[in-house]
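Note that these values count all heavy atoms, side chains included, but never hydrogens, waters or copies made by symmetry. Computed from a predicted structure; not experimentally measured. Residue numbers count from 1 along this sequence.
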Amino acid sequence: EAATVRLNRTKSITMLLPKVSFIPALLLVLASPDASAHPSVSPHRISFVSLQNTDASSNSAPLQLMDGLTHDGILSITDIPSFKETKKALMSHLHACIMSVGNDVPTQRFPDGTIRRSFATSTNRVDGPQTLKTLDDYEALAGDQGSESCVRFRTHLSTFRSSVDLVTMQFAESLSVAMGASLPKPLVSPRGGDSNAGEYEDIKKVVEGGEYLEHFHSYQKAGAAGAKTIEFHTDQGLFIAFTPGLIVSSDLSSEVELSDGFYVQGSDGEKILMQFTGDDDLVFMMGDGVNQVINDKLTDGKKALQATPHALTVPALEDVSKARVWYGRMVLPPMDAFIPSMDSTFGDARQVLVHSLSTGDMPLGIGCSSPNMKAFIDTSRNLDGEEEEPKCPDDELFCWFRCMALADHDIPTPTTCAERNLGLQCASPRLQVIPDGLTHGDYWPQCTNNTHTTHPYTTYPEIPQPDEDICAGEWEEFSAKGDYDHMITVTVPEETAREGAIIVDTKLYWSIVEGDDGMKKIKGRVAYSGPFGWLAVGFASPDGKHNGMNGGNIIMAKPGGNYSPVTGLDLEVEPSTGTYKIDENGSSHRHWSTPIDTEETRTTVSDYEVHDDGCFTALTFESDHINGQKFNVEGVDDMIWAGNGLDHFMGHHGRGGRARFTVDWTSGEMTYLTPEVKVEPIDIAVATADGDVHNDANGEYEDGHDGHDQEGAGHANDETVDAAENDGFVNNCVVGLFTSLVCATMMQYL
């Protein structure tokens, strides 16, 4: 996907981004933590006084640093002057303050039942420490009636952040000394690549010129003890400085306790439970950014720094007044630091992303540090004032806003099409041609003599829509609760739908019933206030792209069969219901159009209903599982639904025809897992994000709109995702420093 934004009058930066999925902090998923399966160890520790000793003696801080950072990538700083007292005084009031602020605090729900509430801010060298805007707004409104806990939290906030800043700078200096002889100078050049400028000659200078994203988190778990909260992942940025988790209470008379459940994976691959103590004041942990800025530039045999995979299991606390609190500061690179592989700066890249996110011109698929990432600066206008066309190598074609490798689409060489007496075109499954490649949709390089003149893009034939006058009074009866024990509205919230989106009222009903075998099952119904194009409900995939859609196990009703992306559904075939597993990478229905048909899946009973006048559709089901994935009938499940009443091509559901939510089957409690994306004038502050994936292998446009096939819809940036939904899982590439500029704003800090 290409994203372009004007940087000045003469230049623009265009980035061609590979497939990647993220949510508000990018996480590289490895495994699930299991406390019983992993040994426990203490972190490598060094006192603050020792950290300040940067001479060349054998006991100096630089040598001690390397012991921890090359093995586990984690180092604890102890005995920071007055820090223990300040940290305790601040963090003991964090949860109570956050609860006082209430619904204005950004809140995220995880699949294990954990709820996370957060304050967020940043620090940079130009403007210094930024304020906690959520807290500022609360205090401005509350005036003298504000929470005492917030007053106390505020009292210690400045001192706490100053101490963290002091130790961070000392850590960077010691690390610079430890690795200085093994790294080139400058380590990173400023704009223009002027190696004489020397502004970022070493690690210390890079850190000094960077930006720091800071989060204060409060976690409370309502789920079962021991269930994982965040799986093994690697944070972005150069490194993160954090305080070990503490258990505090809104009852300020309670004691502050250390929290466990923090796991790391060392360089030997072993997963271990990290045992922190009261001596661990501030912990430094390496992020994926060290691989690009430091490890890739080592000039001798010195060991590389270990970017640390880590995981979290939040303890289940019976006392609802208690919470696990945590602070983290992620260090990002300087904005004017030059990226040789992209021929631009980190700031340019970030500006493009911020602009594209704010305008919707680019899906939230941020580039990763894989060899497939491409970027180039192009002159935006030539001497005649004409826009220059995007340029790709000879063995690629610009299609769908990016250069696509011909070999990935059964075109071995640039001359293959000509040798077959055919042209090379950017075309859809229906062989409709986009001549400049500047259209979103399911397009890829193909050999065809069709042209944009003979075969231009056309929309799918639409389903005849029912008479609104007839339908207007019928929905209440069609959507009545009937004999079901529970009913919830799962219509996508209006505030999260794109302006102009058609929001389709949808309800979910269920009862917990007992089968002949004594097993409890869900007997459910989804009622959709639209015609029968298709309708589906099922489990969200925790690691899945597109808001948990990819990889999800679902039950789907279709009004026909023999699906083809060229001709759509054959309506001569009887309507059907069945269970499906959505492809983990290819969202279009052509990638997963065959239902899962096994002895086990045949135990899932499902059917469909269509209103007499075609106004509405319903899907019914009864089972204890979908494709073997069991319903948590006595707890909470992470669910998705989607529907389309516009065409018979298994077309996109749009922003108004889908939702992700958690549901407690016993109590009927439901929570939407739909994030907000907020773009500030300078910094991007994204509460949560999933992003979009572009699959080079099949030429499919994986925009957040589309669970299915859609050509040239002109849509971008449809889906964003909560941490609970996706945890920013990145399955297909190692997300690097460039990604961290924006993605780290959405950190899933522990």
Side-chain angles (χ1 to χ4, degrees), residues 459-513 522-538 554-560 568-569 571 574-577 605-622 639-661 663 665 667-672 674 705 707-708 710:
T459 59
Y460 289 134
E462 291 192 357
I463 298 173
Q465 298 298 298
D467 190 320
E468 291 185 6
D469 292 336
I470 295 176
C471 298
E474 302 292 326
W475 174 242
E476 183 174 352
E477 179 180 350
F478 188 84
S479 63
K481 181 179 178 181
D483 295 331
Y484 291 98
D485 294 333
H486 301 278
M487 179 184 74
I488 57 175
T489 296
V490 292
T491 308
V492 62
E494 185 174 352
E495 62 270 18
T496 67
R498 186 185 299 275
E499 183 177 353
I502 301 174
I503 297 177
V504 186
D505 288 340
T506 307
K507 296 182 179 181
L508 172 65
Y509 319 76
W510 75 91
S511 298
I512 299 176
V513 299
I522 299 296
K523 179 180 180 181
R525 178 177 186 257
V526 178
Y528 173 81
S529 61
F532 191 15
W534 59 264
L535 182 61
V537 67
I554 64 169
I555 303 169
M556 171 178 273
K558 300 192 289 189
L569 290 170
L571 300 183
E574 286 294 315
S576 65
T577 59
V605 178
S606 58
D607 204 351
Y608 68 94
E609 305 170 26
V610 178
H611 181 264
D612 291 342
D613 294 302
C615 300
F616 318 119
T617 312
L619 168 64
T620 61
F621 60 94
E622 182 174 330
M639 304 292 291
I640 52 175
W641 77 267
N644 175 312
L646 298 178
D647 61 66
H648 289 134
F649 280 74
M650 302 302 294
H652 71 92
H653 44 66
R655 295 205 94 179
R658 89 290 184 262
R660 183 175 180 177
F661 58 96
V663 58
W665 298 111
S667 70
E669 180 182 356
M670 173 267 209
T671 302
Y672 285 108
T674 305
H705 255 293
H708 314 280
Q710 171 69 4

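The side chain to side chain donor-acceptor pair (under 3.5 Å) test applied to T620 returns no partner, not counting sequence neighbours. Shown here are the side chain to side chain donor-acceptor pair (under 3.5 Å) partners of S606, two or more places apart in sequence or in another chain: T577.
Using a 4.5 Å heavy-atom threshold, the side chains of W510 and V663 count as touching. Between N644 and M650 the shortest side-chain heavy-atom distance does not fall below 4.5 Å. Between E462 and D647 the shortest side-chain heavy-atom distance does not fall below 4.5 Å. Side-chain contact check for H648 versus Y460: every heavy-atom pair is 4.5 Å or farther apart. When side chains are defined from C-beta on, L508 does not count as touching W641, because their heavy atoms never get closer than 4.5 Å.
Of all non-hydrogen atoms in T506 and V504, the two that sit nearest each other are OG1-O, 3.0 Å. The nearest pair of heavy atoms linking A659 to V490 is CB-O, 3.4 Å. Counting all heavy atoms, side chain and backbone alike, H486 lies closest to K481 at N-CE, 3.8 Å. Closest approach of Y509 to A480, counting heavy atoms only: CE2-O, 3.5 Å. For the pair P531 and Q465, the tightest heavy-atom approach, listed with the atom from each and the gap, is CG-OE1, 3.6 Å. Heavy atoms only, all atoms of each residue included: G533 and P559 are closest at O-CD, 2.9 Å.
Once rounded to the nearest 0.5 Å, the distance linking CG of L535 with CD1 of I555 reads 10.5 Å. Atoms CD1 and CG, from I512 and D485 in turn, are 8.0 Å apart once rounded to the nearest 0.5 Å. Here the CZ atom belonging to F661 is positioned 9.0 Å from the CD1 atom belonging to I640, to the nearest 0.5 angstrom. In this structure, CZ in F649 is found 10.0 Å from OG1 in T459, a value given to the nearest 0.5 Å. We find the CE-CE distance between M670 and M487 to be 12.0 Å, quoted to the nearest 0.5 Å. In this structure, F616 CZ and D505 CG are separated by 9.5 Å, a value rounded to the nearest 0.5 Å.
In this structure, the side chain of Y608 does not engage the main chain of M556 through any donor-acceptor pair within 3.5 Å. Checking side-chain atoms of S479 against main-chain N and O of A527 turns up no donor-acceptor pair under 3.5 Å. Remark: the backbone N or O of C615 is not paired with any side-chain donor or acceptor of D613 at under 3.5 angstrom.
Ring geometry for F478 versus H611: interplanar angle over 60°, hence perpendicular rather than tilted (30 to 60°).
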